Amino acid sequence: MGNYRLLEKAGRPGGLDSLDSKQLVRLCREIRAALIEGVSRSGGHLASNLGVVELTVAIHRIFDSPIDQILWDVGHQCYTHKLLTGRLKDLHTLRRMGGIGGFPRPDESIHDAFIAGHASTALSAACGLIRGKELAGEPGHVVAVVGDGALTGGMAYEGLNNLAQNKNGKAIVILNDNKMSISKNVGGLTRHLTFLRTNASYYKLKDATKHALGSIPYLGGPVVGAVGSSLALVKNFIYQSDFFENLGYHYMGPVDGHDLTALQEALARAKSLNRPVLLHVETIKGKGYGFAESNPGAYHGVSSFDPKTGGDARPASDSFSDVFGRTLTRLAEEDGRICAVTAAMKRATGLGHFSARFGKDGRFFDVGIAEGHAVTFSAGLAAKGLKPVLAVFSTFLQRGYDQLIHDCAIEPKDIVLAVDRAGLVGEDGETHQGIFDAAYLTGVPGLQIYSPATYRELEHCIAEAICQPGISAVRYPRGGQPTYLPEYTFDRLDPVHLDCGDNILIVSYGRIFEQVSLAHKALSERGVNASLLKLTKIWPLEEKALAIARAHKTVLFVEEGIRSGGVGEHMIASLALGGYKGKLGLRAIDNRFVPAGSVPEQMKLLGLDAASLADWVLEACE
């Protein structure tokens, strides 16, 4: 890492207190340099963090963490907070196994008040933290920094409403308004915030007027009260801030989110008021790094890159997401009923292709960070005879599980879930691992699940899923297709059986089939002849697959997903209940959360790499 003298000082307890205004400006430059250097090496969320540097410095100048608890929504904007709470020396470990996480983690630091990998949760958590402080008799405020994109999620409004009921003045909501979430913000809230972005002279007028009138003997107090009501009307006229005021907040802003003096004054004022406050701050996503400022979407989440050129350090390559997007676009050319839905993830899910082609036709929908709404919205489209395909990360689909059951399955709707980032996702860590979907989706009556291992299989799965009645889910991993697979004939998504004898059968599906195949190759070289069974349609289990399994003396299932309730458990149970007398084994993720690291590191940690699988099969043979 570079030489960051002020940042090293600021990251110690009380380190910010002794810095003057010029030093604070230099500190912000050092922070940006450190962020660009660190993220260029490890990858991570860059543009959002560059946008909140001054805001984070101002918060830590006015509030005393951890007595005052600071929440981040979404948590990917917390990097400066981590640097100011003693973690500069660990920045080189960002998002690496054993290193610091890319999101707040209370088990990492006492300064991280609450885990925050998913959006729209901070206000609900703040309610609980404040009530908990009251019951424990603890001092301090709770400060929730909420991105404007997070306010497109319904849970945020439940928390916003309840937090306003806390009248002890310890709740401060900072609305970080950068005019952009992961994808472009949508809906009425965006229009409302646009009204609020006006001349910030109102509070100066209010303070000057109150001071002048308050100095009048005898009459000052009553006049201030009367004029205060008039000023409130003026404020509503200027800012149209009734929305937050009517909920019970004292609205302040907009404030320039890159003006340290203005930020500190506004935060000090908010801290002094004895009521819930909503401070509206305007920031520029990607601030201070030209490439990120001009294209913040591209620099929202990045892999390692060259900070001088802004270019990706890795060679460009295709991905399952890209293939999905192109495939869906091609199918939609042939069928005008096909439409696409995303929850603020157009670029990440590969729907840029579809949006460019069909956005003007009204067949592309971005509903914001609102996955539950996206599921029910898709069901509504299906109820009108359309064929909606909802592209969503596995980890975020969890947020729409009730809607899948209640709105889509009881009275079956024909929708397709394109479940991106299924399986291990690498550096994003516990909050983003896609290891639960295969287990929780099997519990939805009538739902069919496909898990392709290659791009060609993905294309076929998407085409078939669109033609199927009811809910179909096509799950595929982050990144590219396997580089090694045995030769096999792909035919209409049927189970693939590579028959090498009737003693041992290894069953698997999806990306992990590559590791199984490599293990199979290693076993063959050691004289162990095991057969392989590759599933593509993984649920409901097909009788053909069960019949193949029953013909072997030992059946071993390998799954890149959670063990409890997974496809492997279901297959083993089906075989056992059907009277199978052979030996059964299951290698899956043993009901645990998987930390950040590269996917190969995670595979090895979990015993899912080829070498570990080969050893496991040998043990099972013995």
Side-chain angles (χ1 to χ4, degrees), residues 52 55-56 58-75 77-78 81 104 106 110-116 118-177 189 192-193 196 203 206 228-229 232 235-236 239 241-255 263-281 369:
V52 296
L55 175 59
T56 310
I59 290 171
H60 278 278
R61 281 271 286 190
I62 301 301
F63 295 94
D64 183 14
S65 176
I67 296 173
D68 297 311
Q69 294 184 286
I70 305 168
L71 302 177
W72 300 91
D73 194 354
V74 178
Q77 57 187 329
C78 72
H81 165 78
I110 193 174
H111 296 282
D112 292 357
F114 203 82
I115 194 168
H118 291 179
S120 312
T121 63
L123 297 172
S124 296
C127 289
L129 290 173
I130 283 182
R131 295 300 185 190
K133 277 179 173 289
E134 290 175 350
L135 291 171
E138 294 179 0
H141 289 70
V142 174
V143 181
V145 184
V146 181
D148 53 352
L151 286 183
T152 60
M155 184 177 173
Y157 293 91
E158 298 173 26
L160 195 68
N161 179 55
N162 277 273
L163 189 60
Q165 310 311 311
N166 185 277
K167 303 301 182 184
N168 66 3
K170 301 297 184 181
I172 297 174
V173 179
I174 300 175
L175 172 57
N176 174 25
D177 176 9
L189 176 70
H192 179 73
L193 293 179
L196 300 180
Y203 281 103
K206 179 177 178 180
S229 299
K235 181 178 69 174
N236 286 336
Y239 293 118
S241 62
D242 308 66
F243 175 76
F244 299 114
E245 295 279 4
N246 288 341
L247 281 175
Y249 290 92
H250 181 82
Y251 172 83
M252 297 175 59
V255 174
L263 284 169
Q264 291 178 79
E265 290 176 353
L267 288 167
R269 182 188 189 96
K271 186 177 181 180
S272 69
L273 295 173
N274 190 31
R275 57 177 298 187
V277 175
L278 188 136
L279 173 61
H280 180 186
V281 174
I369 306 177

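It should be emphasised that the depicted structure is a prediction, and the values quoted were computed from it without experimental measurement. These values consider heavy atoms only, across backbone and side chains, with no hydrogens, waters or symmetry-generated copies.
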If only atom types and distance count, is the side chain of [X] paired as donor or acceptor with the main-chain N or O of [Y] below 3.5 Å?
X	Y	answer
Asn161	Tyr157	no
Asp68	His141	yes
Gln264	Ile62	no
Thr56	His81	no

Inset, instruction - Name all residues meeting the side-chain hydrogen bond (donor to acceptor under 3.5 Å, both in side chains) criterion together with Arg275; count only those two or more places apart in sequence or in a different chain, and write none if there are none. - result: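 By the side-chain hydrogen bond (donor to acceptor under 3.5 Å, both in side chains) rule, Arg275 matches no residue at all.
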Inset, instruction - Could you list the residues that satisfy side-chain hydrogen bond (donor to acceptor under 3.5 Å, both in side chains) with Ser65, not counting sequence neighbours? - result: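 Result, side-chain hydrogen bond (donor to acceptor under 3.5 Å, both in side chains) vs Ser65: His111.
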Once you round to the nearest 0.5 Å, how far does [atom1] of [X] lie from [atom2] of [Y]?
X	Y	atom1	atom2	result
Leu263	Leu55	CG	CG	6.0 Å
Cys78	Asp73	SG	CG	11.5 Å
Glu138	Lys170	CD	NZ	12.5 Å
Asn162	Glu158	CG	CD	8.0 Å
Glu134	Asn166	CD	CG	5.0 Å
Leu71	Ile115	CG	CD1	12.5 Å

Hey, are the side chains of [X] and [Y] touching, using non-hydrogen atoms and a 4.5 Å cut-off?
X	Y	value
Leu278	Leu175	yes
Pro139	Ile67	yes
Ile70	His60	yes
Ile59	Ile174	yes
Val173	Phe244	no
Leu163	Tyr249	yes
Ile130	Gln69	no
Leu160	Phe243	yes

Closest heavy-atom contact between [X] and [Y]?
X	Y	result
Met155	Ser124	CE-OG, 3.6 Å
Ala122	Ala144	CB-CB, 4.4 Å
Leu129	Ala113	CD1-CB, 4.4 Å
Tyr251	Glu245	N-OE2, 3.2 Å
Gly159	Cys127	O-SG, 3.7 Å
Pro276	Ala164	CG-O, 3.6 Å

Inset, instruction - Determine whether more than 12 heavy atoms belonging to other residues, nucleotides or ligands lie under 6.0 Å from atom CD1 of Ile110. - result: no
Inset, instruction - For atom CZ of Phe63, decide whether the heavy atoms of other residues, nucleotides or ligands shown that lie under 6.0 angstrom number more than 12. - result: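 Above 12, so yes.
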